[in-house]
Every structure is written in structure tokens, then in C-alpha cells.
Number of protein chains: 4
Amino acid sequence: MPGEPEPKWRRRAEDRPDEVLDAALSQFVSRGFAATKVEDIAREAGLSKGAIYRYFASKEDILESLIRRAIVPIAERVSELARTSTGDPVEVIRSMMSVVIVNISDPNTLAIPRLVLQESGTFPKLAEIYRREVLDRGVSAMETLIERGVAEGYFRPVQPRFAVRNVIGPFIAHVLLVQVFGMERRPEETMEAFLESHLDILMNGLSNKPEGA
Amino acid sequence: MPGEPEPKWRRRAEDRPDEVLDAALSQFVSRGFAATKVEDIAREAGLSKGAIYRYFASKEDILESLIRRAIVPIAERVSELARTSTGDPVEVIRSMMSVVIVNISDPNTLAIPRLVLQESGTFPKLAEIYRREVLDRGVSAMETLIERGVAEGYFRPVQPRFAVRNVIGPFIAHVLLVQVFGMERRPEETMEAFLESHLDILMNGLSNKPEGA
Amino acid sequence: MPGEPEPKWRRRAEDRPDEVLDAALSQFVSRGFAATKVEDIAREAGLSKGAIYRYFASKEDILESLIRRAIVPIAERVSELARTSTGDPVEVIRSMMSVVIVNISDPNTLAIPRLVLQESGTFPKLAEIYRREVLDRGVSAMETLIERGVAEGYFRPVQPRFAVRNVIGPFIAHVLLVQVFGMERRPEETMEAFLESHLDILMNGLSNKPEGA
Amino acid sequence: MPGEPEPKWRRRAEDRPDEVLDAALSQFVSRGFAATKVEDIAREAGLSKGAIYRYFASKEDILESLIRRAIVPIAERVSELARTSTGDPVEVIRSMMSVVIVNISDPNTLAIPRLVLQESGTFPKLAEIYRREVLDRGVSAMETLIERGVAEGYFRPVQPRFAVRNVIGPFIAHVLLVQVFGMERRPEETMEAFLESHLDILMNGLSNKPEGA
DNA sequence: GATGAATGAGATTTCATTCAT
DNA sequence: CATGAATGAAATCTCATTCAT
């Protein structure tokens with residue numbers, strides 16, 4: 001004898017697309033695109049299989065929309081970075097890295113490049129979108145920064161196009177080892193500690209050259 | 001013995017599994033595991049769909065076998081590296097990197113970690129095998145090497161577990177940018193040039209510390 | 001009364017069903033019943049999908065209503081024909097044919113038998129309705145007419161049940177060839193010219209019998 | 001304890017396509033293309049749903065193949081007709097009509113034009129194929145025949161392009177009335193009787209012209 | 001009433017795996 | 001043994017119909 005009939009569903013056209021993408025992201029990342037059923041996404045998004053197709057034309061469309069949605073804020077952040085890059089390049093790099101660390105720590109942000117990586121074989125378009133929108137901009141901003149660092153005497157005369165790899169590579173390695181391959185991490189190995197180590201080695205090198213040598 | 005007709009269609013049965021794995025590798029990498037049909041593999045391997053199942057229990061079994069087969073020589077090489085690691089650690093790292101470069105340049109070798117990466121979402125077992133057999137050994141060998149470098153005064157007092165990321169990360173970044181995301185590479189950007197740049201920055205750092213400062 | 005705003009979006013509810021049927025007819029004919037979506041009909045009728053179900057119980061109900069609606073005037077016309085059939089049967093046939101020609105030239109009238117033909121496989125009920133309401137009456141009226149023609153000496157002693165086919169068949173052939181199969185029509189091949197040719201051959205035959213032979 | 005294990009299925013790749021088309025024809029005609037499930041066809045053809053797709057790319061492909069297969073012999077017969085058309089055109093027409101009657105009496109042959117008619121709305125390609133391969137040839141052969149009949153004095157000076165409709169129309173009317181709309185047929189109304197009636201009316205007309213008038 | 005979001009049954013199509021030949 | 005025809009489970013996508021708003 002409940003007074004309220006409790007409706008079977010609710011109309012929420014506004015919020016659905018984002019909810020579907022959220023659900024899809026989580027499913028794609030944990031099972032891979034091919035192994036995720038549209039019904040899995042629907043269930044997690046809290047609606048029916050058929051309703052998904054009101055918002056997306058196909059499963060592949062969901063994937064692509066997902067990547068595009070995630071890319072917008074990243075691209076904006078990168079553009080901003082390129083503009084504000086004045087003063088000691090080391091400090092710029094350090095603050096950039098802090099941003100990266102924050103993002104890397106958020107599974108949902110990290111999920112995007114993971115997904116692009118995972119599915120780039122099957123959907124080359126994804127890799128291309130990501131490269132065009134994120135990498136081309138981010139990498140070239142970083143190159144410009146290093147170039148300036150060299151020109152202004154902060155850095156040794158390195159080749160910026162290569163040096164970029166030394167800046168971002170260790171992060172990628174860290175994420176792969178820890179997140180993808182599940183290498184166990186000791187308690188003291190925090191992201192912050194890793195950042196300090198990375199910056200130290202990046203700036204000063206491994207070599208123990210006695211001064212004047 | 002020239003009397004033997006030597007039928008060309010008869011190949012040694014013991015070679016078949018390897019041919020199947022070769023074909024599977026090439027297909028899996030270019031289309032992804034899920035999008036590859038057993039028939040595709042059969043066609044490329046030059047035998048029939050049914051024959052595949054004489055050698056492998058399932059499509060997944062092919063994938064796993066593929067990873068296992070590729071891992072054996074890598075693991076051996078890594079173990080050997082750990083043993084022969086005497087003398088100037090810089091030289092050891094340099095020669096290791098040369099080996100890495102050779103392997104990275106071979107699409108079929110590079111294909112393995114790519115594949116593991118691609119399919120780790122769907123088959124966590126793959127990531128686990130790869131980690132256990134390759135990363136755990138390789139990374140710890142590298143750690144040991146750095147540890148010794150620090151102990152013997154070659155290197156500054158860095159944390160080996162972090163420093164490893166600075167050694168391998170730039171390679172990973174390079175491969176991802178170029179191979180996965182298709183960032184264009186200028187003619188002068190050879191692997192060898194990159195190796196020199198990486199080693200230089202890794203050892204000496206970016207920072208332009210004036211002597212005596 | 002010019003003070004009334006006369007909202008254009010409000011149409012008389014009693015017109016709606018007819019508008020739905022008009023829209024459905026046009027859609028069914030051009031795409032077939034199965035390939036027509038209820039939403040297509042709704043869009044063409046200028047109302048929403050849900051509103052359709054206020055007037056019709058199901059898509060099939062629309063189809064059946066459509067046929068029934070079209071059949072009423074035809075059946076009436078046919079009954080009238082049977083009554084007014086006095087005097088020279090040739091003239092009756094000629095005037096009947098004129099009516100047929102007018103109707104055949106109107107795509108919407110022609111659409112009904114086309115639709116019945118198209119969907120009779122899936123919905124035998126349609127064929128049955130059409131036969132009972134139109135053919136049974138029309139054909140038997142025509143039979144009666146011919147019978148009288150024979151009895152009164154206008155016609156040769158033919159079998160009315162067969163002769164009917166010679167009267168209506170050429171029209172059907174014409175429509176099929178031109179409308180359904182798109183056989184090109186020369187400018188001089190007007191409906192009127194065809195009617196004259198048909199009547200001439202129907203009455204006088206093809207044979208070139210010399211008088212008195 | 002039966003000695004023979006009775007295999008679940010049999011390999012008969014040679015015969016399958018034709019069997020599938022036979023089954024499809026029967027299903028399409030009785031239920032319409034859209035209402036026929038691929039599984040229905042499979043069941044009637046005696047194999048599984050999936051096996052259908054070894055021989056045909058899609059359900060639509062089955063339909064098209066069906067029409068094409070049926071058209072080949074018809075087109076050949078028509079071409080032959082055009083060649084052998086010498087002597088009294090009335091006799092040619094009579095023998096042609098006999099052929100038509102035989103074919104019309106075979107449900108499977110009649111099924112093809114019925115199917116084309118039914119599905120021409122949804123698949124205009126079908127109508128086009130049928131027109132190009134059958135009608136264009138058949139109709140023009142008939143036109144030529146009539147033309148010759150007129151030229152040689154057998155026929156009155158009719159317009160061949162119209163007269164064709166008087167020749168074939170009554171057959172179409174007959175088939176539609178009887179087969180599609182199920183008008184009941186009396187025992188004496190055999191195909192042969194109809195043929196004689198049709199020929200008589202076609203040649204001599206309905207009109208009861210008193211000799212010498 | 002009208003709307004169109006949501007449902008869910010069902011249809012097509014794919015393909016790993018089996019097994020007659 | 002090899003082959004590839006055949007199976008059948010499963011996945012994507014469609015759309016008539018319902019019902020919250």
C-alpha cells in the first residue's frame with residue numbers, strides 16, 4: 001500500500017549523455033572496448049540498452065565522444081601553459097609536473113590516455129585525435145620552453161625535440177609500471193617523492209662529476 | 001638424394017606453431033586481439049582454420065603463447081645483463097641501451113609490449129606474465145646496477161627505484177610518440193642520435209651549472 | 001471576431017486521424033510498411049509519435065484503417081456504376097474507363113491497390129478486405145454489364161467471367177509497366193490515347209478480317 | 001544401440017546456395033521480405049542461421065540473388081522467342097501464351113514477379129533489374145511481332161506499344177484476381193479455357209458487328 | 001492532451017569452435 | 001591429418017509501444 005507508485009524511469013535527457021560516457025569510460029578501461037557490451041554501459045549508466053542509442057549512434061561513437069570530451073579541458077590547459085611560460089624554465093617545468101601529477105592521480109583522467117593506447121590498434125582515429133589535440137600542442141609547448149631555457153642560459157645546449165622525452169618519459173614509465181603492470185609500490189614511493197627524484201635527476205644528471213673535472 | 005620430389009606443400013609440423021604465432025602477432029598488433037579472426041591468422045600462417053586448433057586450444061591460448069614465447073629470450077638477456085654488469089655502470093647502461101634500440105627498431109619485438117599494453121585490460125593475466133617475467137627482473141637488474149653505481153661513486157646518491165624510470169622512460173616516450181601516435185620524425189632524428197641525447201641528459205642533466213659555482 | 005489570435009498550432013482534433021492516414025499512405029507506398037517507422041508517419045503528419053497512439057492502436061491498425069478509408073468511396077462508386085448501367089454497354093464501359101483513368105492518374109488513389117499488393121503477403125487480411133469490398137463488387141458489376149451486352153446483342157457470345165479480364169487487364173498492365181517498373185513513356189502515349197487504343201482493340205479485335213470472310 | 005552415429009550435419013556446399021534461394025523464395029512470397037527472418041529461411045533450407053551467411057552477404061543479397069537467378073532462364077526464353085517469331089503472328093502469340101500459362105501455373109515461377117511487385121517499393125533495384133532483363137526484352141519482342149503482323153496485313157493498324165498491353169494485361173489481371181486476391185474460380189475456369197477466351201476476344205473483339213455492316 | 005525519453009523484445013550479423021569429409 | 005562447412009551463442013542495433021513529465 002505505498003502511496004507513491006515509484007516510476008520505473010525518469011526523463012533526464014540533459015544529463016544522460018555525460019552519464020553514459022562516464023559509465024563507458026569505466027567499463028572500457030576495466031575490460032577494454034571490445035569486451036565491453038553496450039548493455040554493460042547501459043547498466044552502469046542506469047538505463048536500458050536501447051536508450052543508449054538515443055544519444056550515441058554506435059558503440060564506436062561512444063568511444064570517440066569519450067576521447068573528445070576528455071580532450072577539451074586538457075587542450076585548454078596546455079594552451080594556457082604555453083602562454084604563461086615565463087621566468088625560470090625549471091620552475092615552469094616543476095609546476096607543470098605538479099599539474100601532471102594531480103591529473104595522473106585521478107584514475108578518470110589517466111584513463112583516457114590508457115584507453116587511447118589500448119584501442120589505438122583497432123581505431124587509429126583515436127590515436128590521431130589524441131596526437132593532434134594533445135600531443136602536438138603539449139609537446140611543442142614543452143619544446144618551446146626548453147628552447148627558451150637553452151637560449152637564456154638556464155639549460156645546457158640540448159636538442160629540445162629529444163629533451164622533451166626526458167621530461168615526460170619518466171612519468172609515463174612510472175604510470176605504466178605502477179598502474180598497468182601493477183608493480184608494487186612501497187609506502188615511501190609517493191608521487192611527490194618521485195617528482196622530486198625525477199626533477200633532480202633531470203636537472204643534475206646521474207653522473208657524479210667532481211666540480212672542475 | 002636428388003631423386004626426392006621434395007613436395008613444397010609439406011613443411012615440418014614442428015614449425016607450424018611458430019608460424020601460427022608469427023601470423024597471430026602481426027594480426028593482433030595491427031587490428032587488436034578482438035578484431036582478429038582466427039581465419040585471418042590461419043590465412044597468414046598458410047594453413048586452415050581447423051588446423052590452428054591442432055596446435056592451440058583457443059584464440060586466447062594463442063595470445064598467451066605468443067607472449068610467453070617472446071618473453072623467454074628477453075628474460076634470458078636480462079638475466080645475462082645482470083651477471084655481466086661489471087665495470088663502469090655508464091658503459092653498461094650504454095650497451096644495454098644499444099640492445100634496447102636494436103630491439104625497439106624491430107617491429108616484431110616492439111609488438112609484444114604493445115600487445116600486452118593493448119590487451120592488458122581484457123586479459124590481466126598478460127600484464128601479470130609480462131611483469132613477472134620481464135619487468136620484475138629487468139627493473140630489478142637495473143636497480144642493482146644503479147645501486148652499485150652509487151655505491152662505487154659513479155653516480156650521485158639517487159634512489160635506484162626511481163632512477164630506473166629516468167633510464168627507461170625516455171625510450172618509452174620516444175616509442176609511443178613515434179610508433180603509436182605517429183608524430184612525424186625529422187630525418188636527423190635517428191635512434192642513435194636520440195640515444196646520445198638521452199644518455200647525455202641522463203648523465204649530465206639539463207641544468208647549465210657554471211663550473212665552480 | 002478579429003480579436004481571436006487563432007493559434008496556428010491548434011488544428012481540429014477530428015482531422016488528425018485523416019492526416020495521420022495521409023502521411024502513412026505516402027510513407028507506406030514509398031518505403032513499404034515494414035520499413036516505415038511510426039516516427040516517420042508522425043513527422044509527416046506533423047505530430048508526435050505518442051500522439052499517433054491516441055488515434056490508432058498500432059502500426060498495423062493504421063494500415064488497415066488506411067485501406068478501409070480508401071475503399072468506402074470506391075465501393076460506393078462501383079455500386080452506383082452497377083445501377084446506372086443502362087443503354088449501350090460500350091458507352092458504359094467507356095465512361096467507366098474514364099473514371100478509372102482519372103483515378104489512376106491520381107497517385108494517392110493508385111497507391112491503395114499498390115499497397116494492398118505490396119503487403120498482401122504479410123497481411124492477407126488486406127487482400128481479403130480489398131477483394132470483398134472492391135473486387136467482388138466491381139468485377140461482378142462488370143460481369144453483369146457484359147452479360148447484358150451479350151444478351152442484348154451488343155457483344156458476341158463471350159464468357160463474362162473471362163471477358164472482364166480483357167477489360168481491366170490492359171489498364172493494370174499499363175500501370176504496372178509505367179508506374180511500378182518505370183518503363184519510359186513517349187510524349188504521345190497519353191492516358192487518353194491509350195484508352196482509345198484499348199477500347200478499339202477490345203471492341204474490334206486485332207484481327208484484320210476482311211468483311212464477309 | 002544404432003550402429004550408425006547419424007551425423008548432425010552434412011557438407012553439401014555445392015547445393016546449398018540453390019537450396020537457400022528456394023527456401024527464401026517460398027518464405028518471401030508467403031510472408032513478405034521484411035517479415036521473413038533469416039532463421040525461417042535457414043530452417044526451411046535445413047541448415048543453421050549462421051550457415052546462410054557463408055553463401056550470402058545479407059538478407060537483401062538473398063533477395064537480389066533470387067531475382068537474378070530466376071531471370072536468366074526467362075530472359076533466354078524471351079530472346080529465343082524473338083528469333084523464332086516467323087509465320088502467322090496469331091500462332092506465335094498463341095504458342096507464346098501457352099508458354100506463359102505453363103509458367104504461371106508453376107507457383108515458383110509466378111512467385112518471382114509477385115516478389116518483385118511486393119518489394120519494389122522497398123528495393124527499387126529489384127524493379128529495375130526485372131524491367132531491364134525481362135520486360136524491356138519481352139515487351140519489345142512482342143511489339144516487334146505486332147508491328148510485323150500489322151505490316152503483313154494480319155492485324156488491323158494498331159499501335160504496337162499500346163497493343164502489347166491488351167495481349168499481356170488479361171493474364172496479369174487473371175493472376176492477380178485468382179492468386180493474389182483469392183477470387184474463387186469455378187471448376188470450368190481452367191487456364192486453357194481462359195486462354196481461348198482471351199485469344200478470341202483479343203483477335204475478334206467484343207463487338208458483335210453484323211456481317212456486311 | 002501532447003511529447004519524446006525510455007523500454008525491451010527481437011532481428012541481423014559475426015565468429016570461435018567443432019566435426020563430417 | 002587437413003580442410004572448411006556448419007553450428008550456435010552472443011553482440012549490436014532497431015523500433016513499436018509505453019508512460020513520466
Side-chain angles (χ1 to χ4, degrees), chain A residues 5-16 34-42 45-62, chain B residues 9-10 13 16 34-43 46-62, chain C residues 9-10 13 16 34-43 46-62, chain D residues 5-16 34-42 45-62:
Chain A
E6 185 77 22
K8 291 177 192 162
W9 45 266
R10 215 164 280 280
R11 321 183 100 195
R12 295 209 341 278
E14 300 297 299
D15 306 332
R16 295 296 196 198
T36 296
K37 287 177 270 186
V38 171
E39 198 164 6
D40 296 335
I41 300 173
L47 35 58
S48 75
K49 205 170 16 132
I52 298 280
Y53 289 88
R54 171 160 297 280
Y55 303 106
F56 300 95
S58 67
K59 203 172 88 165
E60 194 177 336
D61 183 33
I62 297 178
Chain B
W9 51 266
R10 181 192 296 278
R16 290 288 180 82
T36 296
K37 293 178 246 181
V38 171
E39 199 166 1
D40 295 335
I41 300 173
R43 195 182 313 109
L47 37 66
S48 75
K49 214 176 3 160
I52 297 274
Y53 287 87
R54 185 152 293 284
Y55 304 109
F56 299 94
S58 68
K59 201 171 95 163
E60 194 177 334
D61 182 33
I62 297 178
Chain C
W9 52 265
R10 181 191 295 278
R16 290 289 179 81
T36 296
K37 292 178 243 182
V38 171
E39 198 166 3
D40 295 335
I41 300 173
R43 196 182 310 109
L47 37 66
S48 75
K49 214 178 0 160
I52 297 275
Y53 286 87
R54 184 153 294 282
Y55 304 109
F56 299 95
S58 68
K59 200 171 96 163
E60 195 178 333
D61 182 33
I62 297 177
Chain D
E6 185 78 20
K8 290 177 194 162
W9 45 268
R10 215 164 282 280
R11 321 184 100 195
R12 298 212 334 280
E14 299 298 301
D15 307 331
R16 293 299 195 196
T36 296
K37 287 177 269 186
V38 172
E39 197 164 5
D40 296 334
I41 301 173
L47 34 60
S48 74
K49 208 169 15 133
I52 297 281
Y53 288 87
R54 169 161 298 280
Y55 302 105
F56 300 95
S58 66
K59 203 173 89 165
E60 195 178 334
D61 183 32
I62 296 177

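All values derive from a computational prediction rather than experimental measurement. Within every chain, numbering begins at 1; the chains are lettered A, B, ... in the order of the sequence lines, protein sequences first and strands thereafter.
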Undergrad: Measure CZ/A:R12 against C1'/E:dG4 and give the value in whole Å, please.
TA: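 To the nearest whole Å, that distance equals 16 Å.
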
Undergrad: Once you round it to whole Å, what is the distance between C1' of E:dG10 and CD of A:E39?
TA: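 A:E39 atom CD is separated from E:dG10 atom C1' by 13 Å.
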
Undergrad: How is A:R54 classified with respect to the nucleic acid when contacts are heavy atoms under 4.0 Å: base, sugar-phosphate, or nothing?
TA: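 Base contact - A:R54 has a heavy atom under 4.0 Å of at least one base atom.
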
Undergrad: Looking at D:Y53, I'd like to know whether one of its side-chain N or O atoms comes within less than 4.0 Å of OP1 or OP2 on E:dT14.
TA: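 False: D:Y53 side-chain N/O out of range (4.0 Å or more) of E:dT14 OP1/OP2.
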
Undergrad: Give none if F:dA16 has no partner; otherwise give the nucleotide forming a Watson-Crick or G-U wobble pair with it, both distances under 3.5 Å.
TA: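 With both distances under 3.5 Å, F:dA16 matches E:dT7.
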
Undergrad: Remember a base hit wins even if backbone is also touched, and classify C:F56 as base, sugar-phosphate or nothing at under 4.0 Å, heavy atoms.
TA: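 Since no nucleic acid heavy atom lies under 4.0 Å of C:F56, the category is nothing.
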
Undergrad: Are OP1 or OP2 of E:dG4 and a side-chain N or O of C:K49 less than 4.0 angstrom apart?
TA: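 The answer is no; no side-chain N or O of C:K49 sits under 4.0 Å from OP1 or OP2.
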
Undergrad: Using heavy-atom distances to pick each residue's nearest nucleotide on DNA chain F, tell me which of D:G50 and C:E60 is more 5'.
TA: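 Whichever sits nearer the 5' end wins; that is D:G50.
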
Undergrad: A side-chain contact here means heavy atoms from C-beta on lying under 4.5 Å apart; do B:L47 and B:Y55 qualify?
TA: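 Side chain of B:L47 against side chain of B:Y55, heavy atoms only: contact under 4.5 Å found.
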
Undergrad: Is D:R10 close enough to F:dA5 that one of its side-chain N or O atoms is under 4.0 Å from OP1 or OP2 there?
TA: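 No.
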
Undergrad: In whole angstroms, how far is the C1' atom of E:dA5 from the CD1 atom of A:I52?
TA: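 Answer to the nearest Å: 13 Å.
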
Undergrad: D:I41 has an atom CD1; how far is it from atom P of F:dA6, in whole Å?
TA: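 It is 16 Å, rounded to the nearest whole Å.
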
Undergrad: Quick one: does B:K59's side chain have a donor or acceptor within less than 3.5 Å of a partner on B:T36's backbone?
TA: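 Indeed, once roles are kept as given, a pair shorter than 3.5 Å links the two residues.
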
Undergrad: From the options F:dA6, F:dA16, E:dT7, select the nucleotide whose nearest atom is closest to the side chain of D:A51.
TA: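 Nearest to the side chain of D:A51 among the choices is F:dA6.
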
Undergrad: In whole Å, what is the span from the CZ atom of B:R43 to the P atom of E:dC15?
TA: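 From B:R43 CZ to E:dC15 P: 12 Å.
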
Undergrad: Considering Watson-Crick and G-U wobble pairs with both distances under 3.5 Å, what does E:dT21 pair with?
TA: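 Matched E:dT21 with F:dA2 under the 3.5 Å cut-off.
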
Undergrad: What is the distance, to the nearest angstrom, from the CG atom on B:L47 to the P atom on F:dC1?
TA: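 Whole-Å distance recorded here is 15 Å.
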
Undergrad: A:R11 near the nucleic acid: base, sugar-phosphate alone, or nothing, with a heavy-atom cut-off under 4.0 Å?
TA: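 Touches a base.
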
Undergrad: As a test of reading the structure: which of F:dA11, F:dT21, F:dA6 is closest to the side chain of D:R16, going by heavy atoms?
TA: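 Nucleotide nearest to D:R16's side chain: F:dA6.
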
Undergrad: Can you figure out which of F:dA6, F:dC13, E:dA6 approaches the side chain of A:K59 most closely?
TA: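 From the listed options, F:dC13 comes nearest.
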
Undergrad: In whole angstrom, what separates D:K37's NZ from E:dA9's P?
TA: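 Going from D:K37 (NZ) to E:dA9 (P), I get 15 Å.
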
